[in-house]
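Read the numbers this way: they start at 1 and go in the same order the structure lists the ligands and their atoms.
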Amino acid sequence: MTQRLEADRELSERLFAGLMDFSRDDPGVTRAPYGDGEQRAHDLMRNAGLALRLTPEIDAAGNMFLTMAGRDPSLPVWMVGSHVDTVPHGGNFDGAAGVIGGLAAVASLRRAGIVPRRSITVAVFRAEESTWFPASYIGSRAAFGLLPADVLDLPRSDSGQSLRHHMTQLGLRPDAVAAGAAHLSPARIHGFVELHIEQGPVLDTQAIPVGLVTGIAGSFRYRKAVCHGTYGHSGAVARPYRHDAVFAMADLITDLDALWAEIEAEGQRATITVGEFFTDPTMHAFAKVPGEVRFCLDVRSENVAILDRIETHLDRLVGAIEAKRGVHFRLGKRTGSTPAVMSRPLHDALAAHATRLGIAHQSLASGAGHDTAVFANQGVPSMMLFIRNQNGSHNPDEQMRMEDFHDAVTLLAHLLADDEA
Ligand code: HGY
Ligand code: MN
Ligand code: MN
């Protein structure tokens with residue numbers, strides 16, 4: 001393909017603006033999974049797909065698949081796409097850039113009069129953000145028939161209603177999801193490519209518009225952990241008699257931070273985050289030794305051995321602090337996700353296209369989790385194209401420059417068009 005396939009800018013900007021119209025939740029945007037915002041986003045993308053003469057399909061979990069017929073429908077398809085739900089008060093680009101980018105890439109093929117050899121499916125996944133239902137990759141796992149039935153009973157953090165309830169309200173088929181009905185079969189997918197904002201500072205700092213992802217971090221997490229101590233008089237209880245939950249947590253966090261620094265000094269990568277940390281507002285007070293701290297713990301790495309090392313250390317550390325401080329940790333339910341390796345051939349094909357198109361790019365790992373990890377771990381050749389973005393992500397200030405988005409869309413379009421091998 002010699003001519004440069006330009007992204008359909010009007011379509012992209014119209015869809016981002018359309019999303020914003022019904023997602024604004026100052027500060028930022030909110031589209032809860034199986035909520036009104038996500039459903040309206042699915043409707044918006046479906047209409048855009050129909051206008052591009054794509055064929056819509058919806059699976060039992062409500063994932064949507066919009067397909068451009070290729071010359072040979074018997075061939076395994078290209079699949080592109082992402083999710084359209086957001087974290088509460090997040091940004092408008094996390095996930096949505098991958099769906100709109102997929103549609104824009106298909107639109108550029110249409111405009112160039114290209115009928116690709118393979119069909120191309122734009123996937124719109126449900127419920128990627130696990131801040132709502134405490135489980136990762138709900139939509140994409142359900143699409144492969146991999147969602148454990150008990151996930152359907154998990155309550156959504158804002159409504160308290162179960163995933164099953166929310167699916168039923170939308171006329172979807174939770175029983176089929178629980179029974180493992182699979183809409184996607186790995187053998188029928190030639191490759192999966194997800195456009196996504198980087199959500200970190202690397203590309204912006206390096207002044208490079210596009211990132212070629214080498215791997216996606218996995219995780220282990222405790223979302224509802226508690227450290228129980230003993231409430232007491234802040235003056236009358238001397239040090240040897242204290243069971244201070246905040247000081248115990250300080251020991252835990254300080255020690256985990258030291259281990260993290262050690263791991264990074266060895267040239268390995270991990271992230272350890274305590275995103276929620278609070279004493280009980282109905283019990284705490286200025287003159288009270290805190291008897292309870294509730295917290296969550298999110299540990300991630302691309303390297304399973306690193307995850308195991310941190311988890312083993314955590315188990316030992318909890319016991320040591322309990323003995324030292326006379327407190328008790330209840331970590332609660334453990335959830336997690338498996339690291340994923342991206343397809344080297346797809347990585348190299350995209351690097352070659354980017355070089356030929358004069359699009360600056362660099363390879364990097366993804367600390368954030370993405371639906372692409374599900375595809376890769378199902379054996380589908382998978383790849384992520386990161387788009388440089390500003391102000392990080394999972395916050396209302398998330399930004400992305402449209403010229404960087406268009407570069408990534410052009411790169412994706414050339415990969416899809418150039419598939420005559
Ligand atoms: O948590 C994650 O990494 C993703 O944004 N769900
Ligand atoms: Mn995302
Ligand atoms: Mn996200």
A.B. asks: Evaluate Phe405 against Phe16 for ring pair (Phe, Tyr, Trp, His ring centres under 6.0 Å), listing each step before the verdict.
C.D. replies: CA-CA 12 Å; Phe405 171 78; Phe16 281 120; 5.2 Å; yes
A.B. asks: What's the atom name of the N, O or S in Glu129 nearest to the Mn ion (ligand 3)?
C.D. replies: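 Closest to the Mn ion (ligand 3) among those atoms: OE2.
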A.B. asks: Counting each atom of ligand 1 from 1 as listed, which ones have a heavy atom of His394 under 4.0 Å away?
C.D. replies: 5 (O)
A.B. asks: With respect to the Mn ion (ligand 2), please indicate if His370 possesses an N, O or S atom at a distance under 2.8 Å.
C.D. replies: no
A.B. asks: In terms of heavy-atom contacts, does CZ of Arg401 have more than 12 from other residues, nucleotides or ligands at under 6.0 Å?
C.D. replies: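 Yes.
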A.B. asks: If hydrogens are left out, which of Arg300, Glu129, His370 has an atom nearest to atom 1 (O) of ligand 1, that is, the closest non-hydrogen atom?
C.D. replies: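 Heavy atom nearest to atom 1 (O) of ligand 1 belongs to Arg300.
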A.B. asks: Under 2.8 Å from the Mn ion (ligand 3), is there any N, O or S atom belonging to His83?
C.D. replies: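 Within the cut-off used here (under 2.8 Å), His83 places no N, O or S atom near the Mn ion (ligand 3).
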A.B. asks: Once you restrict to heavy atoms under 4.0 Å, what part of Arg221 touches ligand 1? Side chain, backbone, both or neither.
C.D. replies: side chain
A.B. asks: Which ligand 1 atoms does Ala368 reach within 4.0 Å, using its non-hydrogen atoms?
C.D. replies: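 Contacts of ligand 1 toward Ala368, numbered from 1: 3 (O).
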A.B. asks: Taking atom CZ as the centre, does Arg309 end up with more than 12 heavy-atom neighbours from other residues, nucleotides or ligands that are less than 6.0 angstrom away?
C.D. replies: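 Enclosed: over 12 neighbouring heavy atoms sit under 6.0 Å from CZ of Arg309.
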A.B. asks: For Arg4 and Thr410, test the side chains for any donor-to-acceptor distance below 3.5 angstrom and give the result as yes or no.
C.D. replies: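 Distance-only check fails for Arg4 and Thr410.
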A.B. asks: Going by distance alone, is a donor N or O of one side chain under 3.5 Å from an acceptor N or O of the other, for Thr67 and Thr121?
C.D. replies: yes
A.B. asks: Angle class for the Phe386/His370 ring planes (parallel below 30°, perpendicular above 60°, tilted otherwise)?
C.D. replies: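 Phe386 and His370: perpendicular rings.
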A.B. asks: Taking 4.0 angstrom as the limit and counting only heavy atoms of Gly369, give me the atoms of ligand 1 inside it, by number and element.
C.D. replies: 2 (C), 3 (O), 4 (C)
A.B. asks: Got an N, O or S from Asp94 under 2.8 Å of the Mn ion (ligand 2)?
C.D. replies: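 So Asp94 counts as coordinating the Mn ion (ligand 2), yes.
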A.B. asks: Does a sphere of radius 6.0 Å around CZ in Phe247 hold more than 12 heavy atoms from other residues, nucleotides or ligands, not counting ones at 6.0 Å or beyond?
C.D. replies: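 12 or below, so no.
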